Amino acid sequence: MSNSAESPSNRPLRVAIIGAGPAGVYAADILTKSNQVKDGDLEVSIDLFEAYPAPYGLIRYGVAPDHPRIKGIVNALHKVLDRGDIRFLGNVTYGRDLTLSDFRAFYDAVIFATGAIKDADLNIPGIDLEGSFGGADFVSWYDGHPDVPREWPLEAKEIAVIGNGNVALDVARILSKHADDLLVTEIPDNVYAGLKASPVTDVHVFGRRGPAQVKFTPLELRELSHSKDVDIVLYAEDFEFDEASDEAIQSNNQIKTMVGTLTNWIAEQPEDLSELTASRRLHLHFLHSPVEIHDDPAHPGKVTGMSFERMQLDGTGNAKGTGEFVDYPVQAVYRAIGYFGSALPEVGFDHSKGVIPNEGGRVLDTAGSPIPGIYATGWIKRGPVGLIGHTKGDALETITLLLEDRKTLPAAPAPAPDAVVALLEGRGIDFTTWEGWLALDAHERDLGGRAADAGLRRERIKVVPRDEMVEISRGGVTAQV
Ligand SMILES: Cc1cc2nc3c(=O)[nH]c(=O)nc-3n(C[C@H](O)[C@H](O)[C@H](O)COP(=O)(O)OP(=O)(O)OC[C@H]3O[C@@H](n4cnc5c(N)ncnc54)[C@H](O)[C@@H]3O)c2cc1C
């Protein structure tokens, strides 16, 4: 490794992007297609690092398996990575396999695109009881994440899901759907077997505010009614609208549509709920604030119920407590009140927002000044809200700033592309490559095809254990770069 820093203007700009979720791939794509690069004014050489052996982040390990259209966004990302001008290095974890100083040695600029994988905390009594789960952990399980246990305890007949966003709906939909209706998706076999054996009859989704304050999107909400043999149940006393709700309904088409959907559903519902015919029910409750998860003497340490305070709207769209409490018998509770980013070694972290402190994507030091050559994009930059499409805007903003800074980036002392590979090999890290992912992708499709031959219409069956993913990706031999 040379100690003398070459000027980046005499060679391609070396850029490392850490995280191959949508934000990382969009950042790489936008940089390679920038005017500076197209005009021949700048040459870039990009390495895209990923902790998993597979790319695509939460599209693979977050988006629900029964959302094939959204999962299909990987086709566009695949095209970007398949062009050959962005090098994928998988199964490499920043902070464990490579440090920031390693990246500083090889790259002129480093972009963190590490997203979020954990649940936001819900600090109420009983949250640690057996049967209380993080929605993100359940999502990781049903989406075949390589680092979570294969088994998931699905023993509850009645389940509470806390939260009023799309993730809460995903969790509630997957918990309530009949497993056979998910078999056409890419769910791994252990997930099918677990869901098939679930005795669930009632899934209750609870939101703190009213129907006009939900954070769902209309498509996700409407989709609930497509689950076979699952009735949606609503409660008239939860349908409260204040002045702010009326304004939101008038001014926001999404809210108008969702309130319309909910009011139609409740209007069509039989007054006597015993007339409902499905074997499972999905209840949507509003104006319920979680108070406590409890056990009982017959089942100490295990969830047996949950208490809520009834809320009322305060005129501004916010909710305040009424002092009235209600209990629901449930044997499992899933909190789905949001995701939260994780701190990374050697870079700052805003513990209230769960992001790397940054200004438009320029990462800041503790004094609030930009750290030359360090950037962030996607959920770790902006926080875990918004759809995949929003990460494109994040990436554009970050790359625009990086290009503005390019003349003053700290030049890497060891910019040769094979230097990082030599270091990974020297450290005995079983990194995977794009060719490795193509092999794993083909293998998963082949597994799906074999199931399809047996009449099951499965496009892919995910390989779950990390060792197996790495072995298939590396073809049993040293990865080719
Ligand atoms: C349950 C769920 C369902 C969703 N459903 C939808 C949907 O239907 N439609 C939609 O548009 N959006 C959906 N989203 C939102 C969408 O997933 C996000 O907007 C998007 O994935 C954020 O992109 P990102 O690249 O910032 O983060 P991520 O997708 O999280 O990607 C970050 C990547 O960085 C990697 N990484 C993390 N730490 C390290 C490290 N130390 N070293 C190396 N690599 C690392 C991770 O492994 C991951 O691959 C959903 C989100 C969730 C949580």
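Remember, predicted model here, so these are calculated numbers, not experimental data. One-based numbering, in listed order, for ligands and for the atoms of each.
Residues Thr391 and Thr377 are not in side-chain contact: their nearest non-hydrogen atoms beyond the backbone lie 4.5 Å or more apart. For the pair Val421 and Arg87, the minimum side-chain heavy-atom distance is below 4.5 Å. Residues Asp47 and Arg14 have side chains in contact (heavy-atom distance under 4.5 Å, counting atoms from C-beta outward).
A cation-pi arrangement is present between Arg474 and Phe431 under the rule of less than 6.0 angstrom and at most 45 degrees off the ring axis.
The shortest N or O to N or O distance between Ala64 and ligand 1 is not below 3.5 Å. At under 3.5 Å, a nitrogen or oxygen of Ala51, whether backbone or side chain, sits near a nitrogen or oxygen of ligand 1.
Nearest protein neighbour of atom 48 (C) of ligand 1, counting heavy atoms only, is Glu50 OE1, 3.5 Å. Of all protein heavy atoms, the one lying nearest to atom 1 (C) of ligand 1 is Gly62 O, 3.3 Å. Given atom 11 (O) of ligand 1, the protein heavy atom at minimum distance is Ile388 N, 2.9 Å. Annotation: atom 20 (C) of ligand 1 to nearest protein heavy atom, Pro22 CG, 3.7 Å. The nearest protein atom to atom 31 (O) of ligand 1, hydrogens excluded, is given as Gly21 CA, 3.4 Å; this is a heavy-atom distance. For atom 27 (O) of ligand 1, the closest non-hydrogen atom on the protein side is Gly115 CA, 3.3 Å. Given atom 9 (N) of ligand 1, the protein heavy atom at minimum distance is Ile70 CG2, 3.4 Å. Looking only at heavy atoms of the protein, atom 26 (O) of ligand 1 is closest to Trp379 N, 2.8 Å.
Counting the atoms of ligand 1 from 1 in the order shown, those under 4.0 Å from a heavy atom of Val92 are 42 (N), 43 (C). In the vicinity of Ala116, heavy-atom distances shorter than 4.0 Å reach the ligand 1 atoms 30 (O). In the vicinity of Gly57, heavy-atom distances shorter than 4.0 Å reach the ligand 1 atoms 29 (O), 31 (O), 48 (C), 49 (O).
In this structure, Pro22 and Tyr56 approach most closely via the heavy-atom pair CD-O, 3.9 Å.
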- request: Check the pair Asn264, Thr261 against side-chain hydrogen bond (donor to acceptor under 3.5 Å, both in side chains), reporting the backbone distance first and the verdict last.
  value: CA-CA 5 Å; Asn264 283 344; Thr261 302; 6.0 Å; no
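Contacts of Leu58 with ligand 1, taken as heavy-atom pairs under 4.0 Å, involve both backbone and side chain. With a heavy-atom cut-off of 4.0 Å, Ala113 touches ligand 1 through its backbone alone.
Between Phe206 and His288, the ring-plane angle classifies as tilted under the 30° and 60° cut-offs.
For Ala136, the side-chain contact (heavy atoms from CB on, under 4.5 Å) criterion is met by Asp119, Tyr339, not counting sequence neighbours. For Phe138, the ring-ring contact (aromatic ring centres under 6.0 Å, His included) partners are Trp141, Tyr142, Trp152, Tyr334, not counting sequence neighbours.
Electrostatic pairing of Asp143 and Lys71 counts as a salt bridge here, judged by a charged N lying under 4.0 Å from a carboxylate O.
Judged by the shortest distance from any of its heavy atoms, Gly386 lies inside the 4.0 Å radius around the atoms of ligand 1.
A centroid separation of 6.0 Å or more is found between the aromatic rings of Phe308 and His285.
Closest heavy-atom approach to atom 42 (N) of ligand 1 among the candidates Tyr142, Tyr94, Tyr56: Tyr94.
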